[in-house]
Amino acid sequence: VSTQSTWGIAIISLFRTMTILKVCLGIGVLLQSILAKQLIAITNFEPMSKCRVGKIGKDNSSFSGLDIDLFKEIANGLNWKDDEWDFHCMTPRDLFRSLSNGSSFAGTGGITILYERIQAGFVFSIPTLSTGVTIVDNYSSDKWLFVTQFPFWLGLMLLITPLICSGIFYCFEKGSGESYESYIWHSYSSLFLVNSVQLKRTSSRITQVALWLLILIITATYSANLTAVTSANKILNGINSPDDLNEKKIFTYDAYDTLLYSYGARPKGPGGEEIDIRKIKTVLNNDNSDPAPPTAFVLDDPQAQLLFRDMNGNCESLLSKGRQFEPINYGIAFKKSATNQQTIRKVNEQIRKINKTKYDVKKYLDKHYGTLCTVSYTHLTLPTIYSV
């Protein structure tokens with residue numbers, strides 16, 4: 001009996017302990033849900049949002065941009081306290097992934113409202129900004145293009161090879177009465193397939209034929225390379241018609257592939273790699289090693305306008321073709337769920353109340369990025385070829 005009583009007391013104590021643990025766990029989960037900050041996912045997409053991927057917070061030194069300022073005002077209107085939410089900077093792909101798995105409450109920072117995203121289960125606020133897609137033409141006015149396409153090592157070889165051949169000719173043709181200077185002149189004139197000295201020895205003539213063959217190969221390679229750059233990719237002519245969108249090398253965001261398909265264009269993007277303003281500037285400043293850089297970039301107009309201010313005065317290669325040829329809207333993204341509907345309605349109310357003139361793209365860029373380059377704007381009519 002004593003043993004049974006001991007076991008009974010032990011079992012009762014165990015149940016009480018488990019009950020207390022469950023209560024404590026429930027209280028802990030409740031406190032965590034109360035104390036946990038809501039994360040607002042953003043992307044590094046100047047000038048709408050500027051941040052470093054992986055950074056969490058909302059201090060002005062780490063997070064800036066039009067959409068950042070806009071959301072802070074929305075949060076104030078919703079009476080959110082500073083310790084209740086933070087920005088989380090991430091890539092566009094991670095942004096929508098975090099919305100799907102619930103790790104982020106909302107997403108902003110140049111987020112385009114697209115039909116494909118709505119179909120994927122995301123909902124958006126009313127537009128925070130109505131803008132468009134703009135073509136930035138990588139126009140090249142390099143008058144020395146015929147020289148820059150000539151590699152340094154090849155030019156050096158063309159200077160040294162005739163000098164070596166002149167010494168060979170002089171040794172083979174000893175006793176012919178010609179001076180060494182005559183063979184130097186003869187070797188360099190051979191670059192243009194011209195003879196100034198009559199060679200008599202067979203060994204000298206074989207050397208002469210080899211030199212001519214080398215010159216022909218170099219000339220053919222140079223001509224083909226120059227033709228490929230100027231004609232095949234047509235970087236000197238840029239985008240002049242809708243057909244050029246289909247024929248030339250164009251970089252754009254993956255989200256706009258379908259948009260360009262509707263104009264009959266096949267964008268040749270960077271293989272799914274995220275492009276940003278720094279990579280575009282690298283191409284426009286000719287700082288990359290690509291012998292055939294893209295002819296144009298299809299970008300959001302705010303980013304195109306930023307590019308026209310952030311080139312350090314190097315505006316010669318910039319043209320804008322078909323500015324805002326396709327209208328787009330930015331919005332705040334949420335995961336589609338019944339619990340988000342009331343919050344979205346409140347967010348929409350705040351967006352309507354906010355004075356949009358405070359968030360004018362041009363005023364913001366003038367204030368933070370300096371003056372506008374002298375850019376040539378050309379209207380380009382782009383008829384829709386396919387209906388999407």
Exercise for the section: Describe, in one word, how the ring planes of Trp80 and Phe105 are oriented to each other, choosing from parallel (under 30°), tilted (30 to 60°) and perpendicular (over 60°). Expected result: perpendicular
Handout entry: Cluster check Phe192, Tyr183: I/L/V/M/F/W/Y, side chain < 4.5 angstrom
Key = yes
Practice task
State, with a plain yes or no, whether a side-chain heavy atom of Tyr364 is found less than 4.5 Å away from one of Asp360.
Solution key: no
Practice task
Report the C-alpha distance between Phe172 and Ile168 in whole Å, list the side-chain angles of each, state the deciding distance to 0.1 Å, and finish with yes or no for side-chain contact (heavy atoms from CB on, under 4.5 Å).
Solution key: CA-CA 6 Å; Phe172 287 162; Ile168 295 174; 3.3 Å; yes
Problem - Check: Cys89 main-chain N/O paired with Arg52 side-chain donor or acceptor under 3.5 Å - result: no
Handout entry: Ser49-Asp67 side chain donor-acceptor pair, cut-off 3.5 Å
Key = no
Practice task
Determine whether Thr108 and Ile40 make a side-chain contact, defined as any pair of heavy atoms from C-beta on separated by less than 4.5 Å.
Solution key: yes
Practice task
Verify, without hydrogens or angle tests, whether Tyr188 (side chain) and Leu159 (backbone) share a donor-acceptor contact under 3.5 angstrom.
Solution key: yes
Handout entry: Note: Arg97-Asp94 ion pair, threshold 4.0 Å (strictly below)
Key = yes
Practice task
Compare all side-chain heavy atoms of Cys51 with those of Ile42 and state whether any distance is below 4.5 angstrom.
Solution key: yes
Handout entry: Worked check of side-chain contact (heavy atoms from CB on, under 4.5 Å) between Ile74 and Ile332
Key = CA-CA 11 Å; Ile74 291 173; Ile332 301 173; 3.7 Å; yes
Exercise for the section: Answer yes or no: is there a side-chain heavy-atom contact under 4.5 Å between Ile113 and Ile118? Expected result: yes
Practice task
Kindly indicate whether the side chain of Pro302, heavy atoms from C-beta on, has any atom under 4.5 Å from the side chain of Leu129.
Solution key: yes
Practice task
Could you label the plane-to-plane angle of the Trp85 and Phe87 rings as parallel, tilted or perpendicular, counting under 30° as parallel and over 60° as perpendicular?
Solution key: perpendicular
Exercise for the section: Work out which heavy atom in Ser104 is nearest to a heavy atom in Leu99; give both atom names and the distance. Expected result: O-CD2, 3.7 Å
Handout entry: Pair Tyr170-Ser176, side-chain donor/acceptor within less than 3.5 Å
Key = no
Problem - Check: Leu163 main-chain N/O paired with Ser166 side-chain donor or acceptor under 3.5 Å - result: yes
Handout entry: Shortest non-hydrogen contact from Ser187 toward Pro162
Key = CB-O, 3.1 Å
Handout entry: Val361 side chain near Leu66 side chain, heavy-atom distance below 4.5 Å
Key = yes
Problem - Atom pair OG/CD1 of Ser125 and Ile351 - distance to nearest 0.5 Å - result: 3.5 Å
Practice task
Given side-chain contact (heavy atoms from CB on, under 4.5 Å), test Lys362 with Gln305 step by step and report yes or no.
Solution key: CA-CA 8 Å; Lys362 184 178 182 305; Gln305 298 308 306; over 6 Å; no
Handout entry: Spacing of Thr207 atom OG1 and Arg205 atom CZ [to the nearest 0.5 Å]
Key = 12.0 Å
Exercise for the section: Count the heavy atoms belonging to other residues, nucleotides or ligands that lie under 6.0 Å from NZ of Lys72, then report whether that count exceeds 12. Expected result: yes
Exercise for the section: Could you tell me whether the side chain of Ile56 reaches within less than 4.5 Å of the side chain of Leu39, counting heavy atoms only? Expected result: yes
Exercise for the section: Decide whether Gln208 and His186 meet the rule of one side-chain donor and one side-chain acceptor closer than 3.5 Å. Expected result: yes
Exercise for the section: Report whether Phe45 and Phe124 are members of the same hydrophobic cluster (ILVMFWY, side-chain heavy atoms less than 4.5 Å apart, transitive linking). Expected result: no
Practice task
Kindly state whether the ring of Phe334 and the ring of Phe122 have centres lying under 6.0 angstrom apart.
Solution key: no
Exercise for the section: Output yes when a side-chain donor or acceptor of Asp301 lies under 3.5 Å from a complementary backbone atom of Thr134, and no otherwise. Expected result: no
Problem - Pair Asn44-Met90, side-chain contact (heavy atoms from CB on, under 4.5 Å): steps then yes or no - result: CA-CA 7 Å; Asn44 183 29; Met90 56 186 69; over 6 Å; no
Problem - Euclidean distance, Lys200 NZ relative to Glu173 CD, rounded to 0.5 Å - result: 7.5 Å
Completion exercise
Residues Asn60 and Ser64: closest non-hydrogen pair is O-CB, 4.2 Å
Practice task
Scan side-chain atoms only and decide if Ser179 and Ser182 contain a donor-acceptor pair under the 3.5 Å cut-off.
Solution key: yes
Exercise for the section: Look up atom CZ in Phe63 and atom NE2 in His88, then write down how far apart they are to the nearest 0.5 Å. Expected result: 8.0 Å
Completion exercise
When every non-hydrogen atom of Ser100 is compared with those of Lys335, the smallest separation belongs to O-NZ, 2.9 Å
Handout entry: Asp300 versus Tyr330, side-chain donor and acceptor atoms under 3.5 Å
Key = yes
Practice task
Examine Leu70 and Leu95 and state if one hydrophobic cluster contains both, with Ile, Leu, Val, Met, Phe, Trp and Tyr joined whenever side-chain heavy atoms are less than 4.5 Å apart.
Solution key: no
Problem - Distance, nearest 0.5 Å, that separates NZ of Lys346 from CG of Asn79 - result: 9.0 Å
Problem - Joint hydrophobic cluster, Val194 plus Leu211, side-chain heavy atoms closer than 4.5 Å - result: yes
Completion exercise
Here the pair of heavy atoms bringing Ile126 nearest to Asn348 is N-OD1, 2.9 Å
Problem - Considering all heavy atoms, the nearest Glu46-Leu306 contact - result: CB-CD2, 3.4 Å
Handout entry: Validation row: Val298, Val133 side chains within 4.5 angstrom (heavy atoms)
Key = yes
Practice task
State plainly whether one hydrophobic cluster holds both Phe96 and Met48, where clusters connect Ile, Leu, Val, Met, Phe, Trp and Tyr through side-chain heavy atoms under 4.5 angstrom apart.
Solution key: no
Exercise for the section: Evaluate whether atom NZ of Lys58 has more than 12 neighbouring non-hydrogen atoms of other residues, nucleotides or ligands under 6.0 angstrom away. Expected result: yes
Problem - Spacing of NZ belonging to Lys336 relative to CD belonging to Gln341, to within rounding of 0.5 Å - result: 8.0 Å
